[in-house]
Amino acid sequence: MDTKDLKCFEAVYQEQSISKAARRLYITPQGLGKNIRTLEAELETILFERTKQGMRPTESADFLYGRTKKIIQELEELENGVRQLENRKIVLRIGYACGVFNVLPFQLILNFMRDNPNIRVEWNEYSNEEVKALLEDSMLEYGFIVGRHEGEEMIQRKLDGREVLLLVYEGHPLYKKERINADMLREENMILMNEHFHMFHDFTAICRAKGFSPNIIAKTSDGAVLYKLCRQKIGLAVIPEFMLEDFRMDHMRAIPFEEDLTWDVFGVYKEDTKNYETIQQFDCFLN
C-alpha cells in the first residue's frame, strides 16, 4: 500500500466517478482504474461497485475512507523522513515565516550558500503555521518562525525580536498616552495583520485573557495597509516595531503596550535531525 493508491482511492470515493477523479488527479481514467484494482487486490476486498451512475462505495470503502487521511499522513512522514535522512549531508531546505526577513537579513542565507557550495540550499516563504507543519512532516530541515514552537520534539532558540506597538492617529483619545494596555481597547476598532501572522494570535489572546474579544474591523497581509487605514482614522493598528522604518509618522504615534507583546523570531529544527551535518553547519553559522 502506498500513498499514490490511497490518494487515488480518496479521490474516487469523494467524486464517485473514475473520470471526474482522474481529471482531478491529472491522470488517465485507465491508469486510475488500475490503481484502484491494485488496492483492492492488496486488501482482498471490493471497494466500489461499478454502476451506470458511477462508483458506489462498499462498506469496506467506507471503513478505509474513515482512516485514509491518517494513513496517508503517516506514510508521507515515513517517506519524507527517509528521504531527509538520505540527503542529510547535501540538502538543506529552509522555511521562513512571513515577515521574518525584516529582522533577520536574507543575506545570512546567501552568505551560507556562498561559504558552503557543497550544500544545496532551498528556501521559501510560508505562513507561520505552514513552516511548523512542514518541519513536523520532514519537508523542511530548518525553520524561522515567529513565536515559540509548542512541539515537544523541537530544538529552538530565539534569534531576534522586536516590540509590538499600537499605531494611533492624531486626535484619537489615546494619542497622547505613554503606554497602552489591552483594557483600553475594548471599544476600539482594530486593524490587524491576518491569521497567518503570529502577532494576530498573540494580540487576540491577550484580549481574551482580559475578558473580551477585540473589534477587528480589518485584517490584512500587507503592513502598509495597516498604516494607511489607521492614517485614514478607520481604526487603531497593531504593528511590530520594524514597520516604523517605512512609515511617515507625522500626526501618528506608535505607543508601547504594558503587556508583554513582542515579535520574536526563533530558529527551529527537529530533535531527531540535530546530528545532520547540514543542520549543524547552518545552526553554527547563525551563532
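Nothing fancy with the numbering, it's 1 onward along the sequence. All values derive from a computational prediction rather than experimental measurement.
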Other residues, nucleotides, ligands: >12 heavy atoms within 6.0 Å of K210 NZ
yes
Partners of S17 by side-chain hydrogen bond (donor to acceptor under 3.5 Å, both in side chains), sequence neighbours excluded?
S19
Say whether, by atom type as modelled, one donor and one acceptor occur between the side chain of R186 and the main chain of S213 under 3.5 angstrom.
no
With a 4.5 Å limit on heavy-atom distance, are the side chains of N194 and F200 in contact?
no
Shortest non-hydrogen contact from A61 toward L47
CB-O, 3.0 Å
Applying the ring pair (Phe, Tyr, Trp, His ring centres under 6.0 Å) test to F106, which of F144, F112, W123 qualifies?
W123
Does the side chain of N118 come within less than 4.5 Å of I90's, by heavy atoms?
no
Do E187 and N215 have side-chain heavy atoms sitting under 4.5 Å apart?
no
Heavy-atom closest pair (L159 atom, G267 atom, distance to 0.1 Å) is CD1-N, 3.6 Å
I need the L92 CG to Y142 OH distance, nearest 0.5 Å.
9.5 Å
Sub-4.5 Å side-chain heavy-atom contact between L166 and V238
yes
Check against side-chain contact (heavy atoms from CB on, under 4.5 Å), L236 and L185:
CA-CA 9 Å; L236 306 181; L185 305 176; 4.0 Å; yes
Atom CD1 of I191 and atom CG of L229: how far apart are they, to the nearest 0.5 Å?
4.5 Å
Salt-bridge contact D160-K158 (side-chain N to carboxylate O under 4.0 Å):
no
Salt bridge (Lys or Arg N to Asp or Glu O under 4.0 Å): which pairs involve residues 28-41, sequence neighbours left out?
E40-R50
Student check: side-chain heavy atoms of L167 and M252 closer than 4.5 Å
yes
Taking every non-hydrogen atom, the tightest pair across T262 and D260:
CG2-OD1, 3.7 Å
Evaluate the side-chain proximity of P57 to Q16: yes if any heavy-atom separation is below 4.5 Å, no if none is.
yes
I need the single residue from I255, L244, I180 that forms a side-chain contact (heavy atoms from CB on, under 4.5 Å) with L165. Which is it?
L244
Side chain of T58, backbone of I46: donor and acceptor closer than 3.5 Å?
yes
Is there a donor-acceptor contact under 3.5 Å from the side chain of E259 to the main chain of A182?
yes
Are F212 and I206 joined in one hydrophobic group, where the rule is that I, L, V, M, F, W and Y side chains link up if heavy atoms are under 4.5 Å apart?
no
Short side-chain to backbone donor-acceptor contact, N128 and V146, under 3.5 Å
yes
Side chain N102, main chain G99, donor-acceptor under 3.5 Å
yes
Is it true that the NZ or CZ of R67 lies under 6.0 Å from the centre of F63's six-membered ring and within 45 degrees of the ring axis?
yes
Please collect all salt bridge (Lys or Arg N to Asp or Glu O under 4.0 Å) contacts where either partner lies in residues 211-226, sequence neighbours excluded, each pair once.
E195-K219
d(T51 OG1, M55 CE) to nearest 0.5 Å is 8.5 Å
Might you work through the side-chain contact (heavy atoms from CB on, under 4.5 Å) test for I145 and V100, ending with a clear yes or no?
CA-CA 7 Å; I145 63 173; V100 160; over 6 Å; no
Is the Y13 ring parallel, tilted or perpendicular to the F9 ring (thresholds 30°, 60°)?
tilted
Check for a donor-acceptor pair, side chain of R23 on one end and backbone N or O of I18 on the other, with a separation under 3.5 Å.
no
I'd like to know whether R56 forms a salt bridge (Lys or Arg N to Asp or Glu O under 4.0 Å) with E49, so could you lay out the CA-CA distance, the side-chain angles of the two residues, the decisive distance to 0.1 Å, and finally the verdict.
CA-CA 5 Å; R56 181 186 303 154; E49 294 176 0; 3.4 Å; yes
Enclosure of E153 CD (heavy-atom neighbours >12, cutoff 6.0 Å):
no
Do Y269 and Q156 get their side chains close enough for a donor-acceptor pair, meaning under 3.5 Å?
no
Is the closest side-chain heavy-atom distance between M193 and M243 below 4.5 Å?
yes
Could you verify whether a donor N or O on one side chain and an acceptor N or O on the other, from D246 and Y227, lie under 3.5 Å apart?
no
Short question: side chain of E130, backbone of S127 - any donor-acceptor pair under 3.5 Å?
yes
Answer yes or no: is there a side-chain heavy-atom contact under 4.5 Å between M190 and F203?
yes
Separation between NE2 of H201 and NE2 of H196, rounded to the nearest 0.5 Å
9.0 Å
Would you say the side-chain atoms of D137 pair up with the backbone N or O of M139, donor to acceptor, closer than 3.5 Å?
no
Determine, stepwise, if the pair E141 / R93 fulfils salt bridge (Lys or Arg N to Asp or Glu O under 4.0 Å).
CA-CA 5 Å; E141 281 70 55; R93 296 170 296 180; 2.6 Å; yes
CD1-OH distance between I234 and Y169, expressed to the nearest 0.5 angstrom
8.5 Å
When you measure from the side chain of R253 to the backbone N and O of Y175, does any donor-acceptor pair fall under 3.5 Å?
yes
What pair of heavy atoms forms the shortest contact from R157 to L286, and how long is it?
NH2-CB, 3.5 Å
What is the minimum heavy-atom distance between P105 and V103, and which atoms define it?
CD-O, 3.7 Å
side-chain hydrogen bond (donor to acceptor under 3.5 Å, both in side chains) between Q281 and N116, intermediate numbers included
CA-CA 9 Å; Q281 287 179 250; N116 297 272; 2.8 Å; yes
Those residues that, when tested against F197, pass ring-ring contact (aromatic ring centres under 6.0 Å, His included) (two or more places apart):
none
So which atom in L140 and which in I94 form the shortest heavy-atom distance, rounded to 0.1 Å?
CD2-C, 4.0 Å
Which residues pass the side chain to side chain contact (heavy atoms under 4.5 Å, CB included) test with N35, not counting sequence neighbours?
K4, D5, C8, I27
Over 12 foreign heavy atoms within 6.0 Å of NE2, H172:
yes
Among all residues two or more places apart in sequence or in another chain, which pass the ring-ring contact (aromatic ring centres under 6.0 Å, His included) test with F257?
none
When you look at L174 and M184, which way does the side-chain contact (heavy atoms from CB on, under 4.5 Å) test go after all the steps?
CA-CA 8 Å; L174 298 178; M184 298 176 181; 4.2 Å; yes
Residues L43, L64; criterion side-chain contact (heavy atoms from CB on, under 4.5 Å); working and verdict
CA-CA 10 Å; L43 296 175; L64 180 61; 3.9 Å; yes
Give a yes or no answer on whether the side chain of K132 reaches the backbone of H149 with a donor-acceptor pair at less than 3.5 Å.
no
Assess whether salt bridge (Lys or Arg N to Asp or Glu O under 4.0 Å) is satisfied between D272 and K274, documenting all intermediate values.
CA-CA 6 Å; D272 59 11; K274 65 182 179 182; over 6 Å; no
